Amino acid sequence: MRPFTYERAADAASAVKAAVEVPGARFLAGGTNLIDLMKLQIETPAHLIDVSRLPLARIEDTADGGLSIGAMATNSQVAADPRVRARYPVLVQAIVAGASPQLRNKASVAGNLLQRTRCAYFYDTTKPCNKRRPGAGCAALEGLNRNAAIFGTSEACIAAYPSDMAVALQVLDARVETLGASAQARAFALDELHRLPGETPHIETTLAAGELITAVVLPPPPEGAQLYRKARDRASFAGGLASVAVAGGRIALGAVALKPWRAARAEAALAAGAAPAEAMRAELEQARSAGRNDFKVALVERLGAATIQQTRGLA
Amino acid sequence: MNSVRDWAAPNPVTENRQGIIGKPVDRYEGPLKVTGSAPYAYEVQPPSPPAYGVMIPAAIPRGRVSRVDVTAAEAAPGVKLAWTHLNAPAQQDPPPDAPFLAPVARPALRSDRVMHFGQPVALVVADTLENAQAAAHLVEIAYETEPAEVDFAAAAPHATNPPGEPDVRMGDFETAFEAAPVRLDETWDTPIQIHCQMEPHATLAWWEDGKCVVHTSAQMVRLTQTGLANTLGIDRDDVLLRSRYVGGGFGGKGPFYEDLVLAALASRELGQPVKIAFSRQHMFHGTCHRPATSQRVRLAAGPDGRLTGMSMITVTHTDREGKFWERASNFSRSLYAAPNRLTGHRLVRLDLPMAGAMRAPGEASGMLSLECAMDELAERLGLDPLELRLRNEPDVDPETGKPFSIRQLTRCMREGAQMFGWDRRSPKPGQVRDGRWLVGMGMASAIRGNMLLPAKATFSLDVSGVVTVRQGMTDIGTGSYTVLAQIAAETVGVPLEDVRVEIGDSEFAPTPGSGGQFGAATAGSAAFAAGMNLRKAIGELGTGDPGSPLHGADPEQVTILGGVVAVGNRSERLAALIARAAPEGLTVEGEINPPSDMRDWSQHTYGAHFVEVAVDPVTGETRVRRMLGVFAAGRILNRKTARSQLTGGMIWGVSHALHDGAAVDPRYGSFVNPDLAQYMVPVQADIGELEAIMLDEADDKANPMGIKGVGELGIAGSGSAVANAIYNACGARIRDYPITPEKVMAAMMAQGL
Amino acid sequence: MRTSFTVNGTLRSLDLDPRVTLLDALREQLGLTGSKKGCDHGQCGACTVLVNGLRVNACLTLAVACDGDQVTTIEGLGAPDALHPLQRAFLTEDAFQCGYCTPGQICSAVGMLEEVAAGWPSQETQDLTGQVRLTDDEIRERMSGNICRCSAYPQIVAAIRSVAGEGV
Ligand SMILES: Cc1cc2nc3c(=O)[nH]c(=O)nc-3n(C[C@H](O)[C@H](O)[C@H](O)COP(=O)(O)OP(=O)(O)OC[C@H]3O[C@@H](n4cnc5c(N)ncnc54)[C@H](O)[C@@H]3O)c2cc1C
Ligand code: SF4
Ligand code: FES
Ligand code: FES
């Protein structure tokens with residue numbers, strides 16, 4: 001790790017202020033992604049602002065019957081919350097399908113949303129990667145890209161975003177609340193948080209410098225059953241080959257794009273009466289695979305259709 | 001002893017009067033391990049605070065370091081030294097053509113040549129680990145890359161027979177194959193596999209009175225000690241090597257690596273203890289791996305299922321100067337009867353990291369083909385796969401014609417089938433559903449050779465009647481501490497509590513260490529010999545001591561049981577005898593040398609695996625639900641630790657079937673998945689109910705105790721049973737390991753599922 | 001940076017480079033080498049310790065971030081002559097071989113049983129709104145953050161089961 005300084009933030013406003021003012025400053029939450037990358041010097045912050053102890057871990061009912069989840073609530077806390085379990089089972093299932101119990105005890109909601117790709121070439125600093133070093137090239141494009149995305153890729157980057165939790169939040173129409181420089185609060189749809197790679201895969205989110213995620217807000221749950229399914233190389237503690245979240249008529253996909261992918265076309269087809277597999281095929285018309293990940297097209301079709309079927313059985 | 005026949009006479013182990021042999025006692029060093037108080041190499045407290053070394057891996061597969069600049073690193077906080085090939089101390093070179101695992105020099109940072117990706121090309125030592133790690137990133141290295149051959153699939157067609165290893169032919173395989181009514185000709189591929197011991201390779205070194213004290217994570221004490229001494233150009237006795245606790249070896253800690261050499265050199269240079277560990281990522285390229293194979297199996301059978309011909313040709317690879325290759329076809333020479341046989345190996349040399357031995361070298365890969373081929377052949381013949389194997393059970397070793405020392409393979413299969421409920425298997429694939437899962441069963445045979453190597457042991461008896469075993473042996477999780485204590489207790493005739501075991505030290509009697517499942521039998525036989533010598537010495541002491549009630553009796557008549565020495569009804573406590581007659585204690589040596597006629601028998605361990613898997617019909621994900629192994633592996637020294645070895649091996653087989661596999665990116669000559677998040681090994685949730693049964697057996701041709709190894713047997717064939725079960729569950733025959741979900745999914749899709 | 005936290009009941013005060021992880025602080029500065037380093041990247045679980053009662057990966061935890069925390073390591077659970085029930089069970093069931101993953105497994109198991117007692121769900125939990133029943137499959141899933149390459153997995157389940165009892 002490069003040398004850095006560390007402070008424990010006193011409150012959200014001063015955390016944001018420090019993040020804007022101190023060069024090279026970064027927020028530290030659970031650290032399970034940031035420290036991992038710092039050890040490889042893929043991340044080299046000069047200053048860490050520890051926000052994990054800020055009073056942003058509460059899970060509260062909202063006036064409209066939804067739930068506001070503090071950004072520093074741990075993944076474990078969220079999955080254990082009785083209200084989440086009763087009303088948003090898909091979120092519980094997605095969280096407990098990710099990482100390991102130890103990691104989930106540290107990982108925060110905000111940190112999980114902002115975790116970076118697990119593209120093998122991103123992690124291997126001896127290989128070219130546009131995300132690590134803009135303009136260096138993308139080793140995955142012609143490489144062993146089994147884990148790469150099939151939606152929304154670009155010539156510059158085909159990486160997939162690995163969060164499980166975010167796929168469930170996406171299907172639940174979550175909104176993100178932040179505190180920006182000069183103490184400006186804003187809220188926006190989770191769908192707007194992550195950017196697709198385009199020409200600038202190193203710019204991953206729409207957050208401004210120093211902008212702090214303070215909460216994720218869930219609207220009341222949609223009508224209908226919810227389910228999360230994840231296909232992977234081993235039974236537990238493995239990233240997804242693909243995952244599917246279904247809630248009512250809504251569908252979101254994981255490990256197939258550089259963001260939690262809302263399958264809008266599949267939803268529309270389903271609403272128009274298409275069979276589940278047919279609806280998935282409608283979504284997959286825009287899929288573009290890169291060689292080793294060709295299987296993801298069929299996998300997403302099959303897993304998506306099966307998950308939709310299964311939720312119908314639950315309803 | 002120079003004949004196997006001498007072993008037939010009863011002895012304290014075979015008589016087992018105290019009942020300690022075979023007893024499922026807890027691990028000797030267990031209390032230390034479960035409390036975290038067993039110090040592994042990096043954790044030993046040195047005499048003064050250590051400095052920390054970090055190695056820098058090469059970023060190219062082949063070429064040379066064209067420019068290197070350590071100025072920034074040297075100037076970084078806390079840095080004590082920065083070495084590259086330009087300024088590393090002089091070391092000795094190995095002799096040319098030394099065989100695999102020869103105790104020869106292995107210099108580090110020897111030249112500007114880069115032979116493989118991940119070869120250490122620089123070392124930084126600093127006052128703290130953090131400073132060393134940060135400074136390592138400041139070393140600037142430029143390379144001149146040369147074309148590298150790293151693509152096994154592309155090179156395989158050009159493979160040739162390994163030096164000195166012609167194919168083995170019996171009868172006329174080709175003609176038999178052409179003529180056979182039922183034939184099978186398929187090829188199986190296994191990937192490069194990585195040991196992934198949980199403890200990274202690590203060394204702590206310091207110098208004391210001109211001697212180098214090293215604590216390292218090594219399987220073979222004497223080899224590592226000698227190799228280091230040869231590298232440094234010093235006397236072997238000037239290296240005091242300790243490897244008391246080893247966090248997993250699996251063959252990967254047979255050879256030694258730059259952590260050892262550089263820690264020794266840097267601590268000499270700095271006059272301070274230095275410790276160096278491989279990072280997890282660096283281990284993948286910086287240490288050895290099991291090479292990939294491509295195995296063509298051809299089987300010819302009559303309609304009755306009897307094999308008329310069998311051929312297995314394995315193509316594999318090693319590194320440019322490599323002396324190890326995966327002899328995956330070897331086991332097939334002793335497994336099934338067939339008059340016409342053709343077996344052999346083909347080798348290519350690639351610019352990849354070092355090829356080395358990994359748990360059950362040969363069998364672990366090789367059985368993944370033949371035992372699936374037998375399953376496929378059974379289907380073509382309309383026979384139960386177990387029945388097919390029974391029909392091809394040989395009476396003598398099918399290749400050499402030698403008698404088997406003992407062979408209970410069919411008993412393993414029959415008893416296993418019954419316990420497992422094999423008769424409930426549907427012969428047709430894809431028939432059984434349980435909820436959303438497709439369920440299937442598979443079985444396979446297990447065979448793994450048995451070895452005995454020369455070794456020594458020292459036993460000391462002190463005035464309190466305590467026997468201390470000292471041996472340059474290692475316990476890499478195999479249970480050496482425990483079984484040596486059991487052997488000592490039963491051989492000498494003292495309670496288990498009165499035995500101490502001290503191993504993992506180069507100052508103790510040498511053994512070849514742990515590997516090739518020869519550890520317990522080899523070190524154990526030396527310990528047995530020492531125990532017998534100690535018994536004899538005690539007998540002579542007692543009968544020769546005027547103060548002893550045994551005085552004047554025939555030393556041959558002396559019995560020792562529970563720490564009491566007796567002749568007839570005359571007896572005294574062993575501690576009393578020693579305190580009086582040998583107050584300085586007794587120390588004896590023991591030695592085992594394999595007799596020349598051992599080779600007159602075909603000697604193996606055997607087993608049968610039964611597996612039930614569930615396959616997700618949508619995604620192709622496989623779950624192992626239930627698994628049973630039945631094994632015949634000689635006399636079992638400790639039913640608890642032996643069972644753990646076997647179940648561990650079985651899980652390795654599951655892993656080889658479903659998970660293990662390092663993928664080479666041919667553009668870079670490096671593995672694309674070099675960490676434990678990307679390289680898959682099983683986690684707890686992957687393993688359902690699993691049991692290992694050991695049949696009663698004693699192999700009196702194996703060694704005086706009739707014991708054999710169990711450390712590798714469990715893995716042999718277990719992956720094939722998984723693959724066969726997957727086929728039975730869903731009709732997917734995957735001959736390209738690991739059997740990942742997308743392969744199964746594609747195979748199911750091809751059948752319209 | 002001056003940092004104080006309690007380790008196994010004793011307040012420890014250290015002057016730390018912010019880069020030092022909790023794992024390295026324990027192993028290299030406090031002489032508590034029971035916590036193991038298998039990967040240093042959160043991928044194996046060998047470094048599992050309890051921080052404020054929760055199991056976490058010490059390798060991805062900065063020591064300076066633990067100021068004021070309560071840390072329990074394997075050394076705090078028991079000693080060779082005074083084993084914790086789980087340590088005793090691991091010994092009896094032979095739930096380890098090389099022993100390198102073992103301290104992490106045992107700390108993880110301690111944390112896991114607390115999580116079950118608190119009713120936290122896992123991916124094996126069928127009824128998310130009901131009580132957690134600690135089936136063998138639940139144990140397996142909940143212990144999956146701890147890799148054992150020696151593959152003592154069946155014995156680990158047996159050891160935990162013997163402590164947890166059947167009815168949990
Ligand atoms: C071995 C391993 C396996 C894993 N497997 C999975 C898996 O299967 N599925 C899965 O979903 N995840 C997986 N993960 C990822 C894990 O879930 C994430 O590391 C974790 O969720 C990140 O949360 P954190 O709080 O630790 O984030 P940190 O590492 O602390 O932070 C991550 C990023 O978020 C930023 N940040 C943190 N808080 C805020 C805030 N409030 N506002 C703005 N920015 C902020 C940080 O600056 C940093 O850039 C795995 C991780 C590991 C190490
Ligand atoms: S896919 Fe993206 S993250 Fe991966 S190597 Fe290419 S640019 Fe880097
Ligand atoms: S060392 Fe922390 S998880 Fe491996
Ligand atoms: S006991 Fe060796 S890794 Fe678990």
Side-chain angles (χ1 to χ4, degrees), chain A residues 1-4 36 38-42 44 99-101 103 118-121 123-128 139-140 142-147 162 229-244 277 292-307 309-310 313, chain B residues 57-60 76-77 117-118 129-131 133-134 136-138 143 279 281 285 436 616-624 654-655 658-659 661 663-668 670-688 738 740-743 745-746 748-749 753:
Chain A
M1 284 188 252
R2 290 260 181 88
F4 59 85
D36 175 23
M38 283 168 63
K39 288 184 178 190
L40 300 167
Q41 293 209 3
I42 294 168
T44 51
S100 70
L103 289 163
R118 298 195 84 89
C119 169
Y121 300 99
Y123 264 81
D124 181 348
T125 50
T126 67
K127 307 296 188 283
E142 314 258 290
L144 303 183
N145 45 33
R146 179 168 179 259
N147 292 319
R229 276 188 69 181
K230 174 181 181 183
R232 60 194 128 171
D233 283 322
R234 61 186 178 197
S236 189
F237 201 11
L241 298 170
S243 67
V244 181
R292 301 286 179 127
N293 69 344
D294 293 350
F295 72 93
K296 283 194 177 183
V297 176
L299 178 60
V300 167
E301 180 189 326
R302 293 163 70 92
L303 187 63
T307 311
Q309 288 289 10
Q310 220 176 320
Chain B
I60 59 161
F117 189 95
L129 181 58
E130 294 73 28
N131 280 336
Q133 285 169 332
H137 282 270
L138 298 173
Y143 300 95
S279 71
Q281 289 80 356
H285 296 99
R436 73 167 206 251
D616 186 315
V618 172
T619 61
E621 290 165 284
T622 300
R623 298 282 179 270
V624 173
V654 173
S655 183
L658 301 178
H659 302 116
V664 177
D665 187 325
R667 300 168 302 167
Y668 305 109
S670 60
F671 305 131
V672 77
N673 49 349
D675 65 33
L676 291 175
Q678 302 182 83
Y679 184 97
M680 292 284 112
V681 300
V683 293
Q684 180 76 66
D686 287 295
I687 305 305
T740 49
E742 73 266 34
K743 295 177 192 171
M745 183 184 77
M748 290 192 299
M749 285 169 69
L753 280 173

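A quick note: this is a predicted structure, and the numbers were derived from the prediction, not measured. The sequence lines fix the lettering, A, B, ..., with proteins before strands; numbering per chain opens at 1.
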Original post:
Is any side-chain heavy atom of A:Leu241 closer than 4.5 Å to a side-chain heavy atom of B:Pro741?
Top reply: yes
Original post:
What part of A:Leu299 is in contact with chain B, defined as an atom under 4.5 angstrom from a non-hydrogen atom: side chain, backbone, both or neither?
Top reply: both
Original post:
How far does OG1 of A:Thr44 sit from NE2 of B:His137, to the nearest 0.5 angstrom?
Top reply: 10.5 Å
Original post:
Once you round to the nearest 0.5 Å, how far does OG1 of B:Thr740 lie from CZ of A:Arg146?
Top reply: 5.0 Å
Subject >> Which portion of B:Val681 sits near chain A, non-hydrogen atoms under 4.5 angstrom >> reply: both
Original post:
Between B:Arg623, B:Glu130, B:Gln281, which has the largest tally of heavy atom pairs under 4.5 Å with chain A?
Top reply: B:Arg623
Subject >> Considering all heavy atoms, the nearest A:Phe295-B:Met745 contact >> reply: O-CE, 3.6 Å
Subject >> Heavy atoms from other residues, nucleotides or ligands near CD of A:Glu142 exceed 12 (cutoff 6.0 Å) >> reply: no
**OP:** Please flag which part of B:Pro617 lies under 4.5 Å from any non-hydrogen atom of chain A: side chain, backbone, both or neither.
**Re:** backbone
Original post:
Side chain, backbone, both or neither: which part of B:Leu676 has a heavy atom under 4.5 Å from chain A?
Top reply: backbone
Original post:
Which one of B:Met749, B:Gln133, B:Gln684 has the most heavy-atom pairs closer than 4.5 Å to chain A?
Top reply: B:Met749
Original post:
Based on non-hydrogen pairs under 4.5 Å, which of B:Thr619, B:Val618, B:Leu658 is most in contact with chain A?
Top reply: B:Val618
Original post:
Checking heavy atoms, do the side chain of A:Ala306, its backbone, both or neither come under 4.5 Å from chain B?
Top reply: side chain
Subject >> Side chain / backbone / both / neither for B:Asn673 at chain A, heavy atoms under 4.5 Å >> reply: neither
Subject >> For chain B, the option from A:Glu301, A:Arg229, A:Lys296 that forms the most heavy-atom pairs under 4.5 Å >> reply: A:Arg229
Original post:
A:Asp233 and B:His659: which non-hydrogen atoms are nearest, and at how many Å?
Top reply: O-CD2, 3.3 Å
Original post:
Using non-hydrogen atoms only, which part of B:Asp616 is less than 4.5 Å away from chain A: side chain, backbone, both, or neither?
Top reply: side chain
Original post:
Which is it for B:Ser279 and A:Lys39 under the side chain to side chain donor-acceptor pair (under 3.5 Å) test, yes or no, and what are the steps along the way?
Top reply: CA-CA 11 Å; B:Ser279 71; A:Lys39 288 184 178 190; over 6 Å; no
Original post:
Rounded to the nearest 0.5 Å, how far apart are CG of A:Asp124 and OH of B:Tyr668?
Top reply: 9.0 Å
**OP:** Check whether B:Ala677 gets within reach of chain A through its side chain, its backbone, both or neither, counting any heavy atom under 4.5 Å.
**Re:** side chain
**OP:** Provide the closest heavy-atom pair for B:Val683 versus A:Ser236 in the form atom of the first, atom of the second, distance.
**Re:** CG2-O, 3.5 Å
Original post:
Based on non-hydrogen pairs under 4.5 Å, which of A:Ala238, A:Ala120, A:Ala231, A:Ala235 is most in contact with chain B?
Top reply: A:Ala235
Original post:
Looking only at heavy atoms, what is the nearest atom pair of A:Gly143 and B:Arg667, with distance?
Top reply: CA-NH2, 3.1 Å
Original post:
Which bit of A:Ala139 comes within less than 4.5 Å of chain B, counting heavy atoms only: side chain, backbone, both or neither?
Top reply: both
Subject >> Considering all heavy atoms, the nearest A:Gln41-B:Ala134 contact >> reply: NE2-CA, 4.1 Å
**OP:** Measure the spacing between CG of A:Leu303 and CD of B:Glu621 and express it to the nearest 0.5 Å.
**Re:** 8.0 Å
Subject >> Heavy-atom pairs under 4.5 Å with chain B, option from A:Met1, A:Gln310, A:Arg2, A:Arg232 with the top count >> reply: A:Arg232
**OP:** Side chain from CB out, backbone as N, CA, C, O: work out which of these in B:Thr622 comes under 4.5 Å of a heavy atom of chain A, or both, or neither.
**Re:** neither
